[in-house]
Number of protein chains: 2
Amino acid sequence: MGVMKDRPFTPMLERLRDTGLRPTRQRLALARLLFEGGNRHVTAEQLHAEARREEIPVSLATIYNTLNQFRKAGLLREVVVDSSRSWFDTNLEDHHHFFHEATGALTDFEAEGLAVEGVPRAPTGTEIDRVEVIVRLRDAG
Amino acid sequence: MGVMKDRPFTPMLERLRDTGLRPTRQRLALARLLFEGGNRHVTAEQLHAEARREEIPVSLATIYNTLNQFRKAGLLREVVVDSSRSWFDTNLEDHHHFFHEATGALTDFEAEGLAVEGVPRAPTGTEIDRVEVIVRLRDAG
DNA sequence: CAACAGTTTAGATTTGTTCTAATCTGATTG
DNA sequence: CAATCAGATTAGAACAAATCTAAACTGTTG
């Protein structure tokens, strides 16, 4: 509801064109890594390493450009949980995150079933953009 | 409940000694900036600038050391809202944050009155450390 | 297929943070 | 109260993530 879900087989090429981004070799290849095969979280360095493994010729600068363009185009969301690097999340549905401090592992959980009540009103001149819930985990003891 | 609150006039010196940190000139001066005069949020650079203004001779390295030691000692909490820098919060009570994306302004709101319900159980082997709520704000339209 | 705006790139740059190793200082002890 | 020494501070180097630069390249359009 709300979010217009892409049909699973919309070719990447079309999806990119729709955002106004030219479907170049690099963007197409990165889009495939990111969007084919389920939701995922990546950092720029991770995606770069993965691209190298798949022998996709793409520079780190382009990885950063592309992640930011995809984010601006609404194809990705940034998740801020870790002050040392930026995470990007392909899951656009309403959801929240588990963050395991010890390992840096980031996992989604659906917002369905979660209720945040009693959020105070936004300060004058502002309005609420999004309520983000981060559940920080430690090893069970 | 839970959090042992310091009496407001516990001298800084004692508070530091209690944490096992030697009350040096620098730590004492920084503790005064941080803890006297109400709760606040600072970045390392901000605190350094402030110290310079007050003519407290302290290096940026010491600011970082001190903020991290205070955090480990439980005198400060780190707030992760912004992937470009670390914020430290002197408010140790149970509370959450407004974050105004446009200006970078960070504000507290009390957890009292807020209810987060339906948080799924923690993945096996882990347990919930803390549930953090970040209310991201945009300019009212 | 010419032309050009948009894209990619290597490498330099910037920024926040941590590290290093030399110097200094608060606490302890005789 | 002087000597000692673990712990603290420091300037500057080093590091890592991210952005910028300007030159080369490539989709698209006419």
Side-chain angles (χ1 to χ4, degrees), chain A residues 11-33 41-52 54-73 75-76 78-88 104 106, chain B residues 11-33 41-52 54-73 75-76 78-88 104 106:
Chain A
M12 277 308 154
L13 201 134
E14 310 262 310
R15 275 176 85 177
L16 285 184
R17 255 199 260 278
D18 290 350
T19 67
L21 295 172
R22 265 200 222 168
T24 62
R25 301 181 185 302
Q26 287 82 348
R27 291 212 269 238
L28 223 42
L30 294 177
R32 289 207 184 94
L33 290 182
H41 302 109
V42 293
T43 66
E45 292 286 354
Q46 276 174 14
L47 186 58
H48 189 223
E50 189 173 343
R52 292 198 126 277
E54 307 271 330
E55 321 224 345
I56 297 162
V58 61
S59 70
L60 187 56
T62 296
I63 299 277
Y64 277 105
N65 290 340
T66 304
L67 286 172
N68 284 319
Q69 290 153 349
F70 284 7
R71 175 176 49 73
K72 284 177 197 152
L75 265 40
L76 288 175
E78 192 175 352
V79 186
V80 182
V81 278
D82 176 345
S83 57
S84 77
R85 50 173 137 266
S86 283
W87 288 91
F88 293 87
L106 187 61
Chain B
M12 277 308 153
L13 202 134
E14 309 262 310
R15 277 177 82 178
L16 284 184
R17 254 198 260 277
D18 289 351
T19 67
L21 296 171
R22 265 201 226 167
T24 61
R25 302 182 185 301
Q26 288 81 348
R27 290 211 271 238
L28 223 42
L30 294 177
R32 289 208 184 93
L33 290 182
H41 302 109
V42 293
T43 65
E45 291 286 354
Q46 276 174 13
L47 186 58
H48 189 223
E50 190 173 342
R52 292 198 126 277
E54 308 271 331
E55 320 224 345
I56 299 163
V58 60
S59 71
L60 187 56
T62 296
I63 300 277
Y64 277 103
N65 290 341
T66 304
L67 287 172
N68 285 319
Q69 290 154 348
F70 284 7
R71 175 175 49 73
K72 284 177 196 151
L75 265 39
L76 288 175
E78 192 175 353
V79 186
V80 182
V81 278
D82 176 343
S83 56
S84 78
R85 49 174 141 263
S86 283
W87 288 91
F88 293 86
L106 187 60

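Chain A is the first sequence line, chain B the second, and so forth, proteins listed ahead of strands; every chain is numbered from 1. What you see is a predicted model; the values in this text were computed from it and never measured.
Remark: B:Asn65 in residues 63-73 of chain B come within less than 4.0 Å of DNA chain D through at least one heavy atom.
One can place CG of B:Asp82 at 12 Å from P of D:dA18, the figure rounded to the nearest angstrom. For the pair B:Leu28 CG and D:dT9 C1', the interatomic distance rounds to 15 Å; values are reported in whole Å. For the pair B:Arg85 CZ and C:dT17 C1', the interatomic distance rounds to 13 Å; values are reported in whole Å. Atom CG in B:Leu30 sits roughly 13 Å away from atom C1' in D:dA8 (whole-Å rounding). If you measure from atom CG of B:Leu47 to atom C1' of C:dT17, you get 15 Å, rounded to the nearest angstrom. As rounded to whole Å, 12 Å separates atom C1' of D:dA11 from atom CZ of B:Arg52. One interatomic measurement links the two molecules: NE2 of A:His48 to P of C:dT8, which rounds to 13 Å at whole-angstrom precision. In this structure, A:Glu45 places its CD atom 13 Å from C1' of D:dC15, rounding to the nearest Å.
Remark: A:Thr19 OG1 to A:Lys72 NZ distance equals 12.5 Å, nearest 0.5 Å. In this structure, CG in A:Leu47 is found 11.0 Å from OG1 in A:Thr62, a value given to the nearest 0.5 Å. Atom-to-atom distance recorded for A:Leu30:CG and A:Arg32:CZ is 10.5 Å, nearest 0.5 angstrom. Taken from CD1 in B:Ile63 to CD in B:Gln26, the straight-line distance is 9.5 Å, to the nearest 0.5 Å. Separating the CG atom in B:Leu33 from the CG atom in B:Leu28 is a distance of 10.5 Å, to the nearest 0.5 Å.
A:Arg27 places no side-chain N or O within 3.5 Å of a backbone atom of A:Thr66 that could act as its donor or acceptor partner. Put simply, the side chain of B:His48 gets close to the backbone of B:Val58: a donor and an acceptor are under 3.5 Å apart.
Every residue meeting the salt bridge (Lys or Arg N to Asp or Glu O under 4.0 Å) condition with B:Glu50, not counting sequence neighbours, appears here in chain and number order: B:Arg40. Applying the ring pair (Phe, Tyr, Trp, His ring centres under 6.0 Å) rule to A:Phe88 yields no partners; only residues at least two apart in sequence or on another chain are considered.
Residues A:Leu21 and B:Trp87 each lie close to DNA chain C; by heavy-atom proximity, the contact nearer the 5' end of the strand is made by A:Leu21.
The salt bridge (Lys or Arg N to Asp or Glu O under 4.0 Å) analysis of residues 54-70 of chain A, with sequence neighbours excluded, yields no pairs.
A:Ser84 comes within 4.0 angstrom of sugar-phosphate atoms only, judged by non-hydrogen atoms across all strands, and of no base.
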Collect all protein-nucleotide pairs involving nucleotides 11-14 of chain C in which both atoms are nitrogen or oxygen and the distance is under 3.5 Å.
none

Could you run down the sub-3.5 Å N/O contacts of the protein with nucleotides 26-30 of chain D?
residue, atom, partner, partner atom, Å
D:dG27, OP1, A:Arg25, NE, 3.3
D:dT28, OP1, A:Arg17, NH1, 2.9

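Between A:Val80 and B:Asp82, the shortest heavy-atom distance links the atoms CG1-N, 3.6 Å.
Applying the 4.0 Å criterion to OP1 and OP2 of C:dT7, one finds that A:Thr62 has every side-chain N and O outside that range. Phosphate contact (OP1/OP2 of D:dA17, side-chain N/O of A:Ser86, threshold under 4.0 Å): absent.
Residues B:Trp87 and B:Leu76 are not in side-chain contact: their nearest non-hydrogen atoms beyond the backbone lie 4.5 Å or more apart.
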